Colleague: 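Structure provided below as C-alpha cells; questions to follow.
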Amino acid sequence: MLNLYNTLTRRRDAFEPLEPGIVKLYTCGPTVYNVAHLGNFRAYIFEDILRRTLEYRGYRVVQVMNLTDVDDKTIRGAIAAGISLDAFTQQFKDAFFEDLKTLRIKPAEHYPAATAHIPDMIALIERLIERNHAYVADDDSVYFNIASYPAYGRLARLDLSSLQPGTRVAHDEYAKDNVADFALWKAWDADDGDVAWDSPWGRGRPGWHIECSAMCMRYLGETFDIHTGGIDNIFPHHEDEIAQSEAATGKPLARYWLHCAHLIIDGQKMSKSLGNFHTLRDIVAMGFRGREIRYLLASAHYRQTLNFTFDALHAVRSALDRIDTFRQRLQQVAGGITVSQETALPDWAQNTAAKFDQAICDDLNTAAAYGALFETIHEGNRLMDGGRVSDRDAAAVLTMFDRWDRVLAIMTPDADATTVNGAEDPVIAGLLEQRQAARQGKNFKESDRIRDLLRDKGWIVRDTPAGQELKRAHITSDRHSLDGSIACAQ
RNA sequence: GGCGCCGUCGCCAAGUGGCUAAGGCAGCGGAUUGCAAAUCCGCCAUCGGGGGUUCGAAUCCCCCCGGCGCCUCCA
C-alpha cells in the first residue's frame with residue numbers, strides 16, 4: 001500500500017487511483033521567464049520520484065506538466081529583450097528540458113504550453129460566466145466570483161472573512177466586486193505590448209490559474225488522481241484552480257494534492273540579495289554533476305525544508321563513491337551472471353529490501369530509503385570480505401539495486417564519468433605500465449611518484465588484488481575549494 | 001494580526017508514545033596495505049530550554065527561545 005500525504009485532508013491517505021492500474025498526474029511546471037533554480041528542481045525531483053514510485057508500484061502514469069509561457073514576467077522579459085514572447089520563452093523551455101535530463105527526471109507524457117491552449121481557457125471561462133461563477137467587469141476583464149463558491153479556502157484552510165489583503169494586491173484591480181476575486185481573463189493594457197488574444201470580452205490574456213484548470217482537464221479529464229506543486233502554490237494558485245474548475249464542472253478536480261516544501265541555502269532563504277541564489281547551471285559549472293545534485297535534493301523528505309549546503313554536496317560525492325564501489329564489487333563477485341527479479345534474495349538483503357519498500361511507500365520517504373540502501377551495502381561488504389556471497393546472490397542484489405534505481409535514479413555514474421580504461425589514453429596507459437613495473441621491482445619511490453603524476457593529470461589510481469584501478473578525479477570550484485583541488489574520485 | 005512548518009551527533013538527515021535514537025559525510029583507535037585506496041572491527045547524540053500528561057515521550061499538551069513559510073500570479 002502506498003500512503004501519500006494529502007494537503008486536502010492533512011493526513012497520509014492510502015493511495016487508490018480512480019481507474020485501476022493507471023494514475024493521472026498533474027504537476028505544476030515552470031514559468032519560462034528564466035533559467036530554473038535549485039528550489040524549482042527540488043520540486044521537480046519530488047514529482048519525478050512520485051512518478052517513479054507509482055511506476056514502481058506497477059501503475060501506468062499519465063503525467064502532465066504545464067509550461068507557463070504567458071504571464072507578467074514572461075511579457076516583461078520579452079519586451080525588455082526586444083523579442084517576441086515566443087522567442088523569449090522558447091530559450092527557457094529548451095534550457096528547462098536540458099536541465100531535466102541533467103537531473104535524470106523522466107519526461108512527462110504532455111508538456112502543454114499555456115499559449116497553445118487559449119481557446120480551452122476561453123471555453124472554460126464562458127462556462128463559468130454561464131453558471132454565474134464569473135463576471136465581466138467594467139475594465140473588460142473577467143473575474144471569478146468567490147462569493148459564488150462556498151468551498152473556497154478548503155485546501156489552504158483559509159477563513160475568507162479573516163483574509164487581509166496583502167501588499168501585492170494590484171491597485172488597478174478596482175474593477176473587482178470583491179478584493180478576493182481573482183482574474184480569469186485580463187483585458188489588454190499597454191504593458192502587455194503585442195501580447196494579446198481575441199476573446200468574447202475583447203483582446204486580452206488569460207489569468208494565471210486558468211491555464212492549469214483548462215490544461216489538466218483537457219489531458220486528464222474533469223477529475224483526476226494527483227495534483228502537485230510547491231507548498232507556496234497551495235494559496236492562491238491551487239485554491240483558485242479548485243474553485244474555478246469545480247465551479248465549472250461540479251466535480252472534484254483532483255483527489256490527492258501533494259505539496260513539496262522549500263529549499264534553503266545554508267539555513268537561509270535562497271535569494272539574489274543574499275548572494276546564495278543558484279541555478280542548476282551554476283552548480284554544474286562548478287564541477288558538480290546532475291547525479292550528485294539529484295541525490296542531495298532527494299536526501300530529505302519532500303515535506304521537510306531541505307538545507308542545501310556545499311558541505312553536504314561534497315558529502316554526496318563520497319556517498320555515491322561508496323555505492324559505485326559496492327556495485328563494482330558485486331559485479332566482480334557475480335562474474336557476469338545475471339538473474340531475474342524473481343530470483344530469491346539472500347537473507348541479508350531481504351531485510352533491507354522490505355525496509356526500502358516500506359520507506360518509499362510511506363509518503364516517499366527517500367531519506368529512509370537511502371538508509372536501507374546503505375545498510376545493504378554495509379552488510380554486503382562485510383559478507384564479501386568473508387567470501388560468503390555467491391555469484392548468484394551478488395547478481396540478485398544487483399538486480400534489486402537496479403529495481404530501486406527505477407525510483408531513485410542515482411546508482412549509475414554519468415556515461416562520461418565512468419571509470420575509463422587507461423589503455424584508451426596512451427600517455428596514461430604508459431604511466432600505468434611504468435608504475436606496474438616499478439612496483440614489481442619494489443621501487444616504491446618511483447611508483448608513488450607516478451601515482452602523484454597521475455593524480456595531477458586527473459586520475460586516481462589504487463592498487464587492488466586484481467591490479468591497478470583507475471578512476472577519474474573530480475574537480476570542483478565552489479566557495480569551499482576555490483583552488484580547484486581534487487576531491488574524491490567520481 | 002490570521003494560518004502553517006521546523007529546531008535530533010561537527011555537517012546532512014530518518015524516527016512522531018515503548019526494542020540498545022536509522023543512514024550518509026567528517027573524525028578517532030585498530031585490522032588489512034610497501035605506503036595509499038577500498039573494505040572490515042571498535043568509538044563517536046538522550047533529541048533548543050522549561051513545565052505538564054503518561055507505567056513510559058525526541059515523539060502528546062502548555063510556555064519560552066531560535067529559524068522558515070503563506071496571507072492574491074514565488075517550487
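Residue numbers begin at 1 in each chain, while the letters A, B, ... track the order of the sequences. Since the structure is predicted, the reported quantities are computational estimates derived from the model, not experimental observations.
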Colleague: Under 3.5 Å, is there a donor on one side chain and an acceptor on the other for A:D282 and A:T279?
Modeller: yes
Colleague: Tell me if the centroids of the rings in A:H37 and A:H278 come within less than 6.0 Å of each other.
Modeller: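 No; A:H278 has its ring centre 6.0 Å or more from that of A:H37.
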Colleague: Can you tell me how far C1' in B:rG10 sits from the matching atom in B:rC43, rounded to whole Å?
Modeller: 16 Å
Colleague: For atom C1', what is the distance between B:rG23 and B:rC35, given to the nearest Å?
Modeller: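 Pairwise C1' distance, B:rG23 against B:rC35, rounds to 32 Å.
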Colleague: Assess whether a salt bridge exists between A:R52 and A:D48, defined as any Lys/Arg side-chain N lying under 4.0 Å from an Asp/Glu carboxylate O.
Modeller: yes
Colleague: Kindly confirm whether the side-chain ring of A:F374 is stacked on the base of B:rG23, judged by centres under 5.5 Å and planes under 30°.
Modeller: no
Colleague: Answer with base, sugar-phosphate or nothing: what part of the nucleic acid does A:D463 contact at a heavy-atom distance below 4.0 Å?
Modeller: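 Here A:D463 touches the bases of the nucleic acid.
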Colleague: Let me know the distance between CZ of A:F310 and P of B:rC25, rounded to the nearest Å.
Modeller: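 Spelled out: CZ on A:F310 to P on B:rC25 is 20 Å.
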Colleague: Between B:rU46 and B:rU16, how far apart are the C1' atoms? Round to whole Å, please.
Modeller: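 Nearest-Å result for B:rU16 against B:rU46 at atom C1': 16 Å.
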Colleague: Would you say the side chains of A:E246 and A:Y149 form a donor-acceptor pair under 3.5 Å?
Modeller: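 A:E246 vs A:Y149: donor-acceptor pair found between side chains.
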Colleague: Name the nucleic acid region contacted by A:H37, choosing base, sugar-phosphate or nothing; use a 4.0 angstrom heavy-atom cut-off, strictly under.
Modeller: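 Since a base atom lies under 4.0 Å of A:H37, the category is base.
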Colleague: For a quick check of understanding: with a heavy-atom distance under 4.0 Å over all strands, which category does A:H301 fall into, base, sugar-phosphate or nothing?
Modeller: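 Sugar-phosphate: the residue A:H301, judged by heavy atoms under 4.0 Å, touches backbone atoms but no base.
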Colleague: Measure distances between side-chain N and O atoms of A:D448 and base N and O atoms of B:rG34, and say whether any donor-acceptor pair falls under 3.5 Å.
Modeller: yes
Colleague: So which nucleotide from B:rA75, B:rC70, B:rG24 ends up closest to the side chain of A:N40?
Modeller: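 Out of B:rA75, B:rC70, B:rG24, the nucleotide with an atom closest to A:N40's side chain is B:rA75.
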Colleague: Please determine if a side-chain N or O atom of A:S318 lies less than 4.0 Å away from the OP1 or OP2 oxygen of B:rA26.
Modeller: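 Yes, because at least one side-chain N or O of A:S318 sits under 4.0 Å from OP1 or OP2 of B:rA26.
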Colleague: Measuring from the side chain of A:D71 (C-beta onward, heavy atoms only), which nucleotide among B:rC74, B:rC40, B:rG23 has the closest atom?
Modeller: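 That would be B:rC74.
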Colleague: Given the C1' atoms of B:rU59 and B:rC6, what is the spacing between them in whole Å?
Modeller: 14 Å
Colleague: Both A:G230 and A:P465 contact RNA chain B. Taking the nearest nucleotide for each, which residue is further toward the 5' end?
Modeller: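 Closer to the 5' end of RNA chain B: A:P465.
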Colleague: Mind checking the P distance from B:rC41 to B:rC9? Whole angstroms is fine.
Modeller: 25 Å
Colleague: When we call it a touch if two heavy atoms are under 4.0 Å apart, what does A:L373 touch: a base, just sugar-phosphate, or nothing?
Modeller: nothing
Colleague: Check the distance between B:rG24's P and A:L297's CG and give it to me in whole angstrom.
Modeller: 21 Å
Colleague: Pick one: which of A:D71, A:D72, A:D69 meets salt bridge (charged side-chain N to carboxylate O under 4.0 Å, His left out) with A:R205?
Modeller: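 Only match with A:R205 under salt bridge (charged side-chain N to carboxylate O under 4.0 Å, His left out): A:D72.
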Colleague: Please report the distance, rounded to the nearest Å, between CZ in A:R303 and P in B:rC6.
Modeller: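 That distance rounds to 9 Å.
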Colleague: Can you tell which of B:rA14, B:rA75, B:rC35 lies closest to the side chain of A:R451?
Modeller: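 The listed nucleotide nearest to A:R451's side chain is B:rC35.
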Colleague: How is A:H237 classified with respect to the nucleic acid when contacts are heavy atoms under 4.0 Å: base, sugar-phosphate, or nothing?
Modeller: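 No contact at all - A:H237 keeps every heavy atom at 4.0 Å or more from the nucleic acid.
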Colleague: Could you check which of B:rA75, B:rG34, B:rC25 has an atom nearest any side-chain atom of A:T31?
Modeller: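 Nearest nucleotide to the side chain: B:rA75.
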Colleague: Can you identify which nucleotide, out of B:rC41, B:rA75, B:rA38, has its nearest atom closest to the A:T325 side chain?
Modeller: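 The listed nucleotide nearest to A:T325's side chain is B:rA38.
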Colleague: Please determine if A:R439 and A:D448 form a salt bridge, counting it only when a charged side-chain N lies under 4.0 Å from a carboxylate O.
Modeller: no
Colleague: Please give the distance between the P atoms of B:rA58 and B:rC47 as a whole number of Å.
Modeller: 7 Å
Colleague: Answer with base, sugar-phosphate or nothing: what part of the nucleic acid does A:R439 contact at a heavy-atom distance below 4.0 Å?
Modeller: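 Base, at least one base atom sits under 4.0 Å.
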Colleague: Give a yes or no on whether the ring-centroid distance for A:Y302 and A:H259 is below 6.0 angstrom.
Modeller: no
Colleague: With rounding to whole Å, what would you report as the distance between B:rG42 and B:rA36 at their C1' atoms?
Modeller: 22 Å
Colleague: Find which nucleotide of RNA chain B each of A:A372 and A:R10 is nearest to by heavy atoms, and output the residue with the more 5' nucleotide.
Modeller: A:R10
Colleague: In whole angstrom, give the distance that lies between atom CG of A:L263 and atom C1' of B:rC12.
Modeller: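 Result: 13 Å.
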Colleague: When we call it a touch if two heavy atoms are under 4.0 Å apart, what does A:T68 touch: a base, just sugar-phosphate, or nothing?
Modeller: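 Nothing, no nucleic acid heavy atom in range.
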Colleague: What's the closest nucleotide to the A:F182 side chain, out of B:rA37, B:rU72, B:rC12?
Modeller: B:rU72
Colleague: Establish, yes or no, whether the cationic atom of A:R303 lies under 6.0 Å from the six-membered ring centre of A:Y5 and within 45° of the ring axis.
Modeller: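 Geometry flag: set, cation within 6.0 Å and 45°.
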Colleague: Round to a whole Å and report the spacing from NZ of A:K445 to P of B:rC35.
Modeller: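 Rounded to the whole Å, the gap is 18 Å.
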Colleague: Please determine, for the side chain of A:P236, which listed nucleotide (B:rC41, B:rU72, B:rC25) has the closest atom?
Modeller: B:rU72
Colleague: In what stems does RNA chain B take part, counting only runs of at least 3 consecutive Watson-Crick or G-U pairs whose two distances fall under 3.5 Å?
Modeller: B:1-7 with B:65-71, B:10-12 with B:23-25, B:27-31 with B:39-43, B:48-52 with B:60-64
Colleague: Looking at every strand, decide which applies to A:R435 at a 4.0 Å heavy-atom threshold: base, sugar-phosphate, or nothing.
Modeller: base
Colleague: Would you measure the distance from the P atom in B:rG66 across to the matching atom in B:rA26 and give it in whole Å?
Modeller: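 To the nearest whole Å, 35 Å.
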Colleague: Would you check if there is a donor-acceptor pair between the side chains of A:S148 and A:H133 at a distance under 3.5 Å?
Modeller: yes
Colleague: Would you mind classifying the nucleic acid contact of A:Q304 as base, sugar-phosphate or nothing, using non-hydrogen atoms under 4.0 angstrom?
Modeller: sugar-phosphate
Colleague: Among B:rG24, B:rC12, B:rC41, which nucleotide has an atom closest to any side-chain atom of A:L296?
Modeller: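 The answer is B:rC12, which lies nearest to the side chain.
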Colleague: Given atom CD1 of A:I410 and atom P of B:rC25, what is their separation to the nearest angstrom?
Modeller: 13 Å
Colleague: Do A:F88 and A:Y33 have their ring centres less than 6.0 Å from each other?
Modeller: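 Aromatic pair excluded; centres sit 6.0 Å or further apart.
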Colleague: Give A:N307 one of three labels, base, sugar-phosphate or nothing, depending on what nucleic acid heavy atoms sit under 4.0 Å from its own.
Modeller: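 Sugar-phosphate, no base atom in range.
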Colleague: Taking only the side-chain heavy atoms of A:A367 (C-beta and beyond), determine which of B:rG24, B:rC70, B:rA13 contains the nearest atom.
Modeller: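 So the nucleotide nearest the side chain must be B:rA13.
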Colleague: Would you check if there is a donor-acceptor pair between the side chains of A:N66 and A:E211 at a distance under 3.5 Å?
Modeller: yes
Colleague: Round to the nearest Å and state the distance from A:K442 atom NZ to B:rC35 atom P.
Modeller: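 After rounding, the gap between these two atoms is 11 Å.
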Colleague: Would you indicate, yes or no, if B:rA22 has its OP1 or OP2 atom less than 4.0 angstrom from a side-chain nitrogen or oxygen of A:K355?
Modeller: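 No, because none of the side-chain N or O atoms of A:K355 sits under 4.0 Å from OP1 or OP2 of B:rA22.
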Colleague: Please report the distance, rounded to the nearest Å, between NE2 in A:H378 and P in B:rG24.
Modeller: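 Distance, rounded to whole Å: 8 Å.
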Colleague: Would you indicate what A:D72 reaches in the nucleic acid, counting non-hydrogen atoms under 4.0 angstrom: base, sugar-phosphate, or nothing?
Modeller: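 A:D72: no heavy atom of the nucleic acid under 4.0 Å.
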Colleague: Determine: side-chain N/O of A:N381 to OP1/OP2 of B:rC40, distance under 4.0 Å, yes or no.
Modeller: yes
Colleague: Need one value for A:G229: base, sugar-phosphate or nothing, where a base atom within 4.0 Å counts as base even if backbone is also close, heavy atoms only.
Modeller: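 The answer is sugar-phosphate, as A:G229 gets under 4.0 Å only of primed atoms, P, OP1 or OP2.
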Colleague: In terms of side-chain heavy atoms of A:E375, which of B:rA22, B:rA36, B:rG24 is nearest?
Modeller: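 Closest nucleotide among those given: B:rA22.
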Colleague: Do we see a donor-acceptor contact under 3.5 Å between the side chains of A:E47 and A:T228?
Modeller: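 A:T228 and A:E47 do have a side-chain donor-acceptor pair below 3.5 Å.
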